[in-house]
Engineer: 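Take a look at this one; I'll ask things after.
All values below come from the heavy atoms of this structure, side chains included, with hydrogens, waters and symmetry mates left out.
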Amino acid sequence: VARIGGGGTGAPIASGFGSVSGFGSIIVNGQHYDETAAQFAVDERPDQPTPTSVDSVRLGMQIQFEHESNRVSRATVASEVIGPVSSITASGLVVMEQSVRVNADPASPTVFDGFTSLTELTGAEVEVHGQRKATAQIPATRIERRPATSVLRVVGTVTNFANGAFRIGGLTVRANQATIVPAGQTATDGQRVAVWTDQPLVNGELAARVIRVGGRVIPNNASLTAEGLVTDYQGSSNLRVGGIAVDAEQAAAAGGAGR
């Protein structure tokens, strides 16, 4: 896990993303932010973010936000997968063919909400927050048990695209009938997408109704503070943190070896 910060080119707006680790203001990436005037949204259906309030934000949720002098103007929380649990593993669980790892480290444990033991979750619907590793596994920052509904969501990288279908992790997604946003985009191998449907799985496959193509959007020239997993490490000048390309060649390392 890495925490990064970088300056923009003088624009007053700043951006950040990471997991919520505390309140009394809102704490993300170890920093307190004033959220009293912020507009909040939940990114569940990718083409229709749902307005909400800070009261719905919970520990361990993944959040992206914009702020000026640590005063948040808007923020969006987004899960990585919503769906039924198919099995429990030694280190976590499998949700719609997505491998989810639970962190038992007392310094930063996975937040459980609505249950106390993973054994309670077989067949249950859950909402998982976290940032994927390069292996496609999701180290969960939060797992919340949800009421049974037909809403399914998965976010990840497209693989094996062919004949109107592709895979995210081990899940086959049928895209033939989906609305694609932004308009004019197409899903291809290697792209990050957010997939949503209100239809149940059919033979273990997801028939998408909405697919958003593209990863995080950072305002032009904004400074950025982010915390996430380091992936695609090719050297200090070529790596990714939370899916964002980073050149850390000139960065000062603290709290570790910088890799």
Engineer: Name all pairs fulfilling the salt bridge (Lys or Arg N to Asp or Glu O under 4.0 Å) condition that reach into residues 150-163, sequence neighbours left out, sorted by first residue then second.
Structural biologist: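 Listed once each, the pairs are Asp43-Arg153.
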
Engineer: Ignoring hydrogens and angles, state whether a donor on the side chain of Thr157 or Arg192 is under 3.5 Å from an acceptor on the partner side chain.
Structural biologist: no

Engineer: Hey, are the side chains of Thr179 and Arg209 touching, using non-hydrogen atoms and a 4.5 Å cut-off?
Structural biologist: no

Engineer: Find the distance between CG (Leu201) and CG (Asn203) and round it off to the nearest 0.5 Å.
Structural biologist: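 Interatomic distance, Leu201 CG to Asn203 CG, rounded to 0.5 Å: 9.5 Å.
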
Engineer: Any side-chain heavy atom of Phe23 within less than 4.5 Å of one from Val57?
Structural biologist: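 Heavy-atom side-chain distance check passes, below 4.5 Å.
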
Engineer: Assess whether side chain to side chain contact (heavy atoms under 4.5 Å, CB included) is satisfied between Ile168 and Val193, documenting all intermediate values.
Structural biologist: CA-CA 9 Å; Ile168 295 178; Val193 297; 3.8 Å; yes

Engineer: Would you sort out whether Ile88 and Thr122 count as a side chain to side chain contact (heavy atoms under 4.5 Å, CB included), showing the intermediate values?
Structural biologist: CA-CA 7 Å; Ile88 309 298; Thr122 300; 3.5 Å; yes

Engineer: From Arg101 CZ over to Ser91 OG, what is the distance, rounded to the nearest 0.5 angstrom?
Structural biologist: 7.5 Å

Engineer: Say you draw a straight line from OG of Ser73 to CD of Gln39; how long is it, rounded to the nearest 0.5 Å?
Structural biologist: 8.0 Å

Engineer: Can you run down the salt bridge (Lys or Arg N to Asp or Glu O under 4.0 Å) pairs that involve residues 173-182, sequence neighbours left out, and say none if there aren't any?
Structural biologist: Arg174-Glu205

Engineer: Quick one: side-chain contact (heavy atoms from CB on, under 4.5 Å) partners of Val102, sequence neighbours excluded?
Structural biologist: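 With sequence neighbours excluded, Val102 shows a side-chain contact (heavy atoms from CB on, under 4.5 Å) to Leu93, Thr110, Phe112, Leu118, Ile143, given in chain and number order.
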
Engineer: Between Asp113 and Arg142, is the closest basic N to carboxylate O distance under 4.0 Å?
Structural biologist: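 A salt bridge is present here (some side-chain N lies under 4.0 Å from a carboxylate O).
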
Engineer: Please check: side-chain N/O of Arg212 versus main-chain N/O of Ala194, any donor-acceptor pairing under 3.5 Å?
Structural biologist: no

Engineer: For Phe65, check ring-ring contact (aromatic ring centres under 6.0 Å, His included) against everything at least two apart and list the hits.
Structural biologist: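 So Phe65 forms a ring-ring contact (aromatic ring centres under 6.0 Å, His included) with Tyr33, His67.
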
Engineer: So, using side-chain hydrogen bond (donor to acceptor under 3.5 Å, both in side chains) as the criterion, who are the partners of Ser108 when residues are at least two apart?
Structural biologist: Asn103

Engineer: Please answer: with hydrophobic residues joined when any side-chain heavy atoms are less than 4.5 Å apart, are Val100 and Leu59 in the same cluster?
Structural biologist: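 The answer is no; the residues belong to distinct hydrophobic clusters.
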
Engineer: Looking at residues at least two apart in the chain, or sitting in another chain, which of them share a side-chain contact (heavy atoms from CB on, under 4.5 Å) with Thr188?
Structural biologist: Thr186, Gln191

Engineer: Among the clusters formed by ILVMFWY side chains lying less than 4.5 Å apart, do Leu206 and Val213 turn up in the same one?
Structural biologist: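 Yes.
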
Engineer: Should Val210 and Thr197 count as side-chain neighbours, where that means a heavy-atom distance under 4.5 Å?
Structural biologist: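 Counting from C-beta outward, Val210 and Thr197 never come under 4.5 Å.
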
Engineer: Please determine whether side chain to side chain contact (heavy atoms under 4.5 Å, CB included) holds for the pair Phe166 and Asn160, giving the CA-CA distance in whole Å, both sets of side-chain angles, and the decisive distance to 0.1 Å.
Structural biologist: CA-CA 5 Å; Phe166 57 87; Asn160 302 110; 5.9 Å; no

Engineer: Taking side chain as C-beta onward, heavy atoms only, is Ile27 less than 4.5 Å from Val20?
Structural biologist: no

Engineer: How many angstroms lie between atom CD of Glu127 and atom CD of Glu144, to the nearest 0.5 angstrom?
Structural biologist: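 Answer rounded to 0.5 Å: 5.0 Å.
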
Engineer: For Ser53, enumerate each residue passing the side-chain hydrogen bond (donor to acceptor under 3.5 Å, both in side chains) test, keeping only those at least two apart in sequence or located in another chain.
Structural biologist: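 Residues passing side-chain hydrogen bond (donor to acceptor under 3.5 Å, both in side chains) with Ser53: none at all.
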
Engineer: With sequence neighbours left out, write down each residue that passes side-chain hydrogen bond (donor to acceptor under 3.5 Å, both in side chains) with Arg145, or none if nothing qualifies.
Structural biologist: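 None.
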
Engineer: Which atom pair, heavy atoms only, marks the closest approach of Glu80 to Gly130?
Structural biologist: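 Nearest pair, atom of Glu80 first, then Gly130: OE1-O, 3.6 Å.
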
Engineer: How many angstroms lie between CG in Leu152 and CE in Met96, if you round to the nearest 0.5 Å?
Structural biologist: 5.0 Å

Engineer: Is there a side chain to side chain contact (heavy atoms under 4.5 Å, CB included) between Val126 and Val95 once you walk through the steps?
Structural biologist: CA-CA 8 Å; Val126 297; Val95 182; 3.7 Å; yes

Engineer: Of all residues at least two apart in sequence or in a different chain, which pass the side-chain contact (heavy atoms from CB on, under 4.5 Å) check with Thr141?
Structural biologist: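 For Thr141, the residues satisfying side-chain contact (heavy atoms from CB on, under 4.5 Å) (neighbours in sequence not counted) are Ser19, Gln62, His129.
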
Engineer: Using the test side-chain contact (heavy atoms from CB on, under 4.5 Å), find all partners of Glu125 that sit at least two apart in sequence or belong to another chain.
Structural biologist: Ile82, Arg146, Thr149

Engineer: Check whether any side-chain heavy atom of Gln98 sits under 4.5 Å from a side-chain heavy atom of Leu171, and report yes or no.
Structural biologist: yes

Engineer: Any non-hydrogen side-chain atom of Glu44 less than 4.5 Å from a side-chain atom of Ser79?
Structural biologist: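 The answer is no; the side chains never approach within 4.5 Å.
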
Engineer: Taking only residues two or more places apart in sequence, or in another chain, which ones meet Asp189 in a side-chain hydrogen bond (donor to acceptor under 3.5 Å, both in side chains)?
Structural biologist: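 Result, side-chain hydrogen bond (donor to acceptor under 3.5 Å, both in side chains) vs Asp189: none returned.
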
Engineer: Keeping to residues at least two apart or across chains, list the salt bridge (Lys or Arg N to Asp or Glu O under 4.0 Å) pairs with something in residues 19-42.
Structural biologist: none

Engineer: In terms of heavy-atom contacts, does CG of Asn176 have more than 12 from other residues, nucleotides or ligands at under 6.0 Å?
Structural biologist: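 Enclosed.
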
Engineer: Using a 4.5 Å cut-off on heavy atoms from C-beta on, say whether the side chain of Ile138 contacts that of Val81.
Structural biologist: yes

Engineer: Is there a side-chain contact between Leu121 and Phe115, using heavy atoms and a 4.5 Å cut-off?
Structural biologist: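 They are in side-chain contact.
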
